[in-house]
Amino acid sequence: MELSRPRGTRDFLFEEMKQRKQVEATLKKVFETYAYEEIKTPLFENLSLFTMKSGEEIVDQLYNFKDKSDREITLRPELTAPVARLYMNEMQKSPKPIKMYYYGSCFRYERPQKGRYRQFWQFGCEMIGGKTPEADAEIIAMASQSLEELNLQGYEIHVGHLGILRGLLKEADVEGPDQDQIMALIDKGELEELQNYLKTVNIDEDTAHVLLMIIEMKGGSEVLEKVREKVSDKKLVIEALDEFSHLIDTLNDFGIDNIGDHENNNVVINLGIARGLDYYSGMVFEIYVPRLGAQKQICGGGTYNLVEIFGGEKVESTGFAFGFDRLMNALMHDKKDEKPVPTIEVFVAPISDSTRNKSFQIAQQLRKAGIPTEVDLARKKFKKLLSYADRLGANKVILVGERDLKEGNVTIKNMETGKQDSVQADKVLEHILDGR
RNA sequence: GCCGGGGUGGGGUAGGUGGUUAUCCUACGGGACUGUGGAUCCCGCGACUCGGGUUCGAAUCUCGGCCCCGGCCCCA
């Protein structure tokens, strides 16, 4: 049977969509209170947009194809490049900073696993042209508030700064591919390989020692002071440290304090955060939910100069994205047994064929007042109507029967208590609104 | 791309050393029952992931594909 879904894709049914929509709405609300505005870019782009940024190797992870005019097209694998493209195309001369957010699906041709699908959703933002420590602080504060409003339990925001690591390497004359390779090993957490690699590059022992120490450091602002002592003669590192300290101080003003204090806060300084991508330059952060194991990272971001790669005027940007599916995974982990919220509030049940017209009139009246209402369309027999209404989760059932109607009445049954009221047919709306 | 575990009605399952009509729960349809039966009882519907092999006979053994789950690689 060829009616199956393509590998790595999912269908979302009613309950799951309700949950996803609710999370989406919460994130939109938070982002908008930070003055971000929504954008939407195409689901597919020219292949070159992504190869320009990441090289030809990424093609085997893409859903790419030729269109009927032989253009090389690909389904987008991520959203930062399209957003940068949008900026280049139509926003270069807009006043900075530009704050925008997006929500949409991306596609990668990969081996599907838990929390990893071939179509997946990202919810993220970019602030273009606002590279200051205070801009970085605001972004972290917004990510934090998002998770607070979603009531996510047990997450950790790890913040690092690539200027410290890259500065240290540059002072030791390690640049170019060697530097990128070292950053990649740090990102993966391959300590042994990192040590071996350091032996093969021309780096003095003292710097190598300091580097290995730094990437292990986690905690509060005392971490930065410890590093400062070790690198007092290295100008680039000191500059980055100053910037990072400023960021941490500003975070206080944005309402995030006690950094590194696990009892009271979720933000921790982690100088081992490297992010695999070469174009990240300054602050970087990742958010983990440790109980999710292999899929614990639900968010990543930082400061980069992607626009420069595309040949525009140099503009620093800062952005991050939630892996929406993993975020849902983390949220549902906590509240599995919550009972589903019904969509409809009122069910209108015609007891006999002659009362159908009246039933439709009542249903429309309620719907125009914004009350989610279902009315029998299947000509079900009366005895099935109550059971059907029950299954829909209706709070109230309006029984429209001939006997009642002769006196101008209908019966409103409260499905929770079983209590019934006889109500004038033209007063149904008031009665429902009262009982809310 | 690699390693391992799986796939039985719409959902959840039993059976598995080959052998009658493939078990149970639930959901769904109908009836008992033409205004309160949201219950109960009865009846019905509906499945061995696909293809090849072994065999008189395969849900069961075997090989391959597809898909799912877990782990690795990767994760722009």
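These figures come from a predicted structure and were not determined experimentally. In the text below, chain A, chain B and the rest are named by the order of the sequence lines, each starting its count at 1. Both backbone and side-chain heavy atoms feed into the values below; hydrogens, waters and symmetry mates do not.
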* **From A:Y36, A:F123, A:F322, residue fulfilling ring-ring contact (aromatic ring centres under 6.0 Å, His included) relative to A:Y101** =>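 Among the candidates, only A:F123 passes.
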
In whole Å, what is the span from the [atom1] atom of [X] to the [atom2] atom of [N]?
| X | N | atom1 | atom2 | answer |
| --- | --- | --- | --- | --- |
| A:N409 | B:G35 | CG | P | 18 Å |
| A:L13 | B:G10 | CG | P | 15 Å |
| A:E110 | B:C2 | CD | C1' | 15 Å |
| A:D404 | B:U36 | CG | P | 12 Å |
| A:L185 | B:C73 | CG | P | 13 Å |
| A:Q61 | B:C73 | CD | P | 14 Å |
| A:D60 | B:G1 | CG | P | 10 Å |
| A:L385 | B:G37 | CG | P | 14 Å |

* With A:K28 as the cation and A:Y103 as the aromatic partner, state whether NZ or CZ is under 6.0 Å from the six-membered ring centre and within 45° of the axis. =>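 No, A:K28 and A:Y103 do not form such a contact.
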
* To do: Assess A:R118 against A:Y109: is NZ or CZ under 6.0 Å from the centre of the six-membered ring, and within 45 degrees of the ring's axis?
  => yes

Are any protein N/O atoms closer than 3.5 Å to N/O atoms in nucleotides 68-72 of chain B? If there are, list each pair with its distance.
from  : atom 1 : to     : atom 2 : distance (Å)
B:C68 : OP1    : A:G8   : N      : 2.9
B:C68 : OP2    : A:R7   : NH1    : 2.9
B:C69 : N4     : A:R111 : NH2    : 3.1
B:G70 : OP2    : A:K114 : N      : 2.8
B:G70 : O6     : A:R111 : NH2    : 2.5
B:C72 : N4     : A:Q113 : NE2    : 3.2

* Residue pair A:E239 / A:L236, side-chain heavy-atom distance below 4.5 Å -> yes

* Asked: Is there a side-chain contact between A:K427 and A:D434, using heavy atoms and a 4.5 Å cut-off?
  -> no

* To do: Verify the ring-centre separation between A:Y388 and A:F347: is it less than 6.0 angstrom?
  => yes

* To do: Step by step, work out the salt bridge (Lys or Arg N to Asp or Glu O under 4.0 Å) result for A:R166 and A:D180.
  => CA-CA 9 Å; A:R166 288 195 186 273; A:D180 289 341; 3.1 Å; yes

* Assign A:N414 to base, sugar-phosphate, or nothing according to its heavy-atom contacts below 4.0 angstrom with the strands shown. => base

* To do: Hey, which sits more toward the 5' end of RNA chain B by its nearest nucleotide, A:D390 or A:T411?
  => A:T411

* Asked: Of A:R118 and A:L62, whose nearest nucleotide on RNA chain B comes first from the 5' end?
  ->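 It is A:R118 whose nearest nucleotide is closer to the 5' end.
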
* Among residues 415-426 of chain A, which residues get a heavy atom nearer than 4.0 Å to RNA chain B? ->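 Output list: A:M415, A:G418, A:Q420.
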
* To do: Using a cut-off of 6.0 Å, state whether more than 12 heavy atoms not belonging to A:E72 lie near its atom CD.
  =>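 It does: A:E72 CD has more than 12 such atoms within range.
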
* **Euclidean distance for C1', B:G44 against B:G7 (whole angstrom)** => 28 Å

* Under a 3.5 Å cut-off on both pairing distances, which runs of 3 or more consecutive Watson-Crick or G-U pairs involve RNA chain B? -> B:1-7 with B:66-72, B:10-12 with B:24-26, B:28-32 with B:40-44, B:49-53 with B:61-65

Which atom pairs, one a donor and one an acceptor, fall under 3.5 Å between side chains of residues 407-422 of chain A and the rest of the protein, sequence neighbours left out?
from   : atom 1 : to     : atom 2 : distance (Å)
A:T411 : OG1    : A:D404 : OD2    : 2.6
A:K413 : NZ     : A:Q420 : OE1    : 3.0
A:N414 : OD1    : A:E416 : N      : 2.8
A:N414 : OD1    : A:T417 : N      : 3.2
A:T417 : OG1    : A:K419 : N      : 3.1

* Evaluate salt bridge (Lys or Arg N to Asp or Glu O under 4.0 Å) for A:D376 paired with A:R356, printing each intermediate quantity in order. => CA-CA 8 Å; A:D376 174 54; A:R356 289 190 192 285; 3.0 Å; yes

Please tabulate the protein-to-nucleotide N/O contacts below 3.5 Å involving nucleotides 42-46 of chain B, giving atom names and distances.
none

* Do A:E316 and A:K96 sit within salt-bridge range, that is, some charged N less than 4.0 Å from a carboxylate O? ->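 No, no charged N to carboxylate O under 4.0 Å.
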
* Base, backbone or nothing for each nucleotide of nucleotides 29-34 of chain B, written B, S, -, heavy atoms under 4.0 angstrom, 5' to 3'? -> S-SSB-

